[in-house]
Amino acid sequence: MDPFLAAAIEEARLGLAEEGIPIGSVLVLDGAIVGRGHNRRVQRGSAILHAEMDCLENAGRLSPAQYHRATLYSTLSPCDMCSGAALLYGIPRVIVGENRTFQGPEDYLRRRGIDLEIRDDAECVALMEAFIAASPELWNEDIGQE
């Protein structure tokens, strides 16, 4: 398995262990993880701490040149907010663990020049399917659905 996707899955499992939503993300620059995070909306009472946002926050300030060489990994297809952050900072590549349980604006990202790769990872799918079945109200809150 790709070690960076494995690190994102590890983050997702941390989120689940904290009674949050099991989505994880890592930011990779020049072959090394420079930021990692997981969905912490529940844990922090936050409106915006999706996994990708937590990851970017934990990476700290990077230069535009660094973002332009980075790859963002996420266990789940990034939502509009997280996709917008990738576009804002010019992150050229996004690797997605799965998009069966949720699909963000993937075609839009591709049209905007992001190299988007969907891995359809069985572990990522299983994590989200089990979570959605166990906590549908919390999941719907996370994606802005009633």
Side-chain angles (χ1 to χ4, degrees), residues 2 4-16 18-29 33-146:
D2 179 325
F4 302 126
L5 183 56
I9 292 170
E10 180 181 308
E11 286 292 324
R13 291 196 177 286
L14 284 172
L16 186 61
E18 295 170 356
E19 298 184 9
I21 299 167
I23 304 167
S25 181
V26 297
L27 185 67
V28 176
L29 178 63
I33 294 174
V34 296
R36 45 191 317 141
H38 51 274
N39 187 306
R40 293 182 196 220
R41 288 188 68 248
V42 173
Q43 300 90 314
R44 300 264 174 96
S46 172
I48 63 167
L49 273 183
H50 281 185
E52 300 87 347
M53 303 300 276
D54 188 46
C55 172
L56 291 171
E57 177 71 14
N58 291 331
R61 286 179 58 194
L62 300 176
S63 72
Q66 289 172 308
Y67 284 120
H68 296 170
R69 296 193 319 269
T71 299
L72 182 65
Y73 282 76
S74 182
T75 58
L76 184 65
S77 183
C79 72
D80 289 317
M81 175 177 64
C82 298
S83 294
L87 288 167
L88 176 68
Y89 291 113
I91 298 169
R93 189 163 189 235
V94 176
I95 307 293
V96 174
E98 70 102 351
N99 67 352
R100 291 187 200 186
T101 59
F102 177 82
Q103 187 171 358
E106 296 171 2
D107 290 337
Y108 179 69
L109 288 175
R110 287 183 178 110
R111 282 195 308 273
R112 293 284 307 270
I114 288 183
D115 176 16
L116 183 73
E117 182 180 333
I118 310 298
R119 296 281 174 89
D120 197 29
D121 181 84
E123 190 171 359
C124 293
V125 173
L127 270 170
M128 287 309 300
E129 285 180 345
F131 175 78
I132 292 167
S135 302
E137 298 86 11
L138 184 54
W139 171 241
N140 286 334
E141 175 191 319
D142 193 65
I143 59 172
Q145 301 294 317
E146 291 192 31

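What's counted below: heavy atoms across the whole structure, side chains too, no hydrogens, waters or symmetry copies. Just so we're clear, the structure is a prediction, and the values are computed from it rather than from any experiment.
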Engineer: I118 and E106: side chain to side chain contact (heavy atoms under 4.5 Å, CB included), yes or no, with the steps?
Structural biologist: CA-CA 10 Å; I118 310 298; E106 296 171 2; 3.7 Å; yes
Engineer: Does N140 use its side chain to pair, donor to acceptor, with the backbone of Q145 at less than 3.5 Å?
Structural biologist: no
Engineer: Nearest 0.5 Å please: distance from the NE2 atom of H38 over to the CD atom of Q43.
Structural biologist: 5.5 Å
Engineer: At their closest point, which heavy atom of E98 faces which heavy atom of D121, and how far apart are they?
Structural biologist: CB-O, 4.3 Å
Engineer: Donor-acceptor check, side chain of S25 to backbone of G37, threshold 3.5 angstrom: yes or no?
Structural biologist: no
Engineer: List the steps and the verdict of side chain to side chain contact (heavy atoms under 4.5 Å, CB included) for L76 and C124.
Structural biologist: CA-CA 7 Å; L76 184 65; C124 293; over 6 Å; no
Engineer: Show, in sequence, the C-alpha distance, side-chain angles and deciding distance for L87 and L109, and conclude whether the side chain to side chain contact (heavy atoms under 4.5 Å, CB included) test is met.
Structural biologist: CA-CA 8 Å; L87 288 167; L109 288 175; 3.8 Å; yes
Engineer: Does a sphere of radius 6.0 Å around CD in E117 hold more than 12 heavy atoms from other residues, nucleotides or ligands, not counting ones at 6.0 Å or beyond?
Structural biologist: yes
Engineer: List the atom of F4, the atom of V26, and the distance in Å for their closest heavy-atom pair.
Structural biologist: O-CG2, 3.5 Å
Engineer: Rounded to the nearest 0.5 Å, what separates atom CG in L29 from atom CZ in R69?
Structural biologist: 5.0 Å
Engineer: Could you report the tightest heavy-atom contact between G35 and C55, atom names first, then the distance?
Structural biologist: O-SG, 3.4 Å
Engineer: Is the backbone N or O of P78 less than 3.5 Å from a side-chain atom of S83, with the two atoms forming a donor-acceptor pair by type?
Structural biologist: yes
Engineer: Looking at D54, D142, L49, which hits side chain to side chain contact (heavy atoms under 4.5 Å, CB included) with N39?
Structural biologist: D142
Engineer: Calculate, to the nearest 0.5 Å, the distance between atoms CG and CD1 belonging to L16 and I21 respectively.
Structural biologist: 10.5 Å
Engineer: Is E123 salt-bridged to R13, cutoff N-O under 4.0 Å?
Structural biologist: yes
Engineer: Atom CE in M128, atom CZ in R100: separation rounded to 0.5 Å?
Structural biologist: 13.5 Å
Engineer: Which atom names give the shortest non-hydrogen contact between S46 and I48, and what distance separates them?
Structural biologist: OG-N, 3.0 Å
Engineer: Once you round to the nearest 0.5 Å, how far does CD of Q66 lie from CZ of R61?
Structural biologist: 11.0 Å
Engineer: Evaluate the side chain to side chain contact (heavy atoms under 4.5 Å, CB included) criterion for residues D2 and Y73: first the C-alpha distance (whole Å), next the side-chain angles of each, then the deciding distance (0.1 Å), finally the verdict.
Structural biologist: CA-CA 11 Å; D2 179 325; Y73 282 76; 3.1 Å; yes
Engineer: For A133 and P136, work out which heavy atoms get closest and say how close.
Structural biologist: O-CD, 3.8 Å
Engineer: In terms of ring plane angle, is the pair W139 and F102 parallel, tilted or perpendicular, where the classes change at 30° and 60°?
Structural biologist: perpendicular
Engineer: For I9, does its backbone N or O pair with a side-chain atom of T75 as donor and acceptor, under 3.5 Å?
Structural biologist: no
Engineer: Hey, what do you get for CG (L56) to NE2 (H50), rounding to the nearest 0.5 Å?
Structural biologist: 13.0 Å
Engineer: Check I23 against S74 and note the closest heavy-atom contact, atom names and distance.
Structural biologist: CG2-OG, 4.2 Å
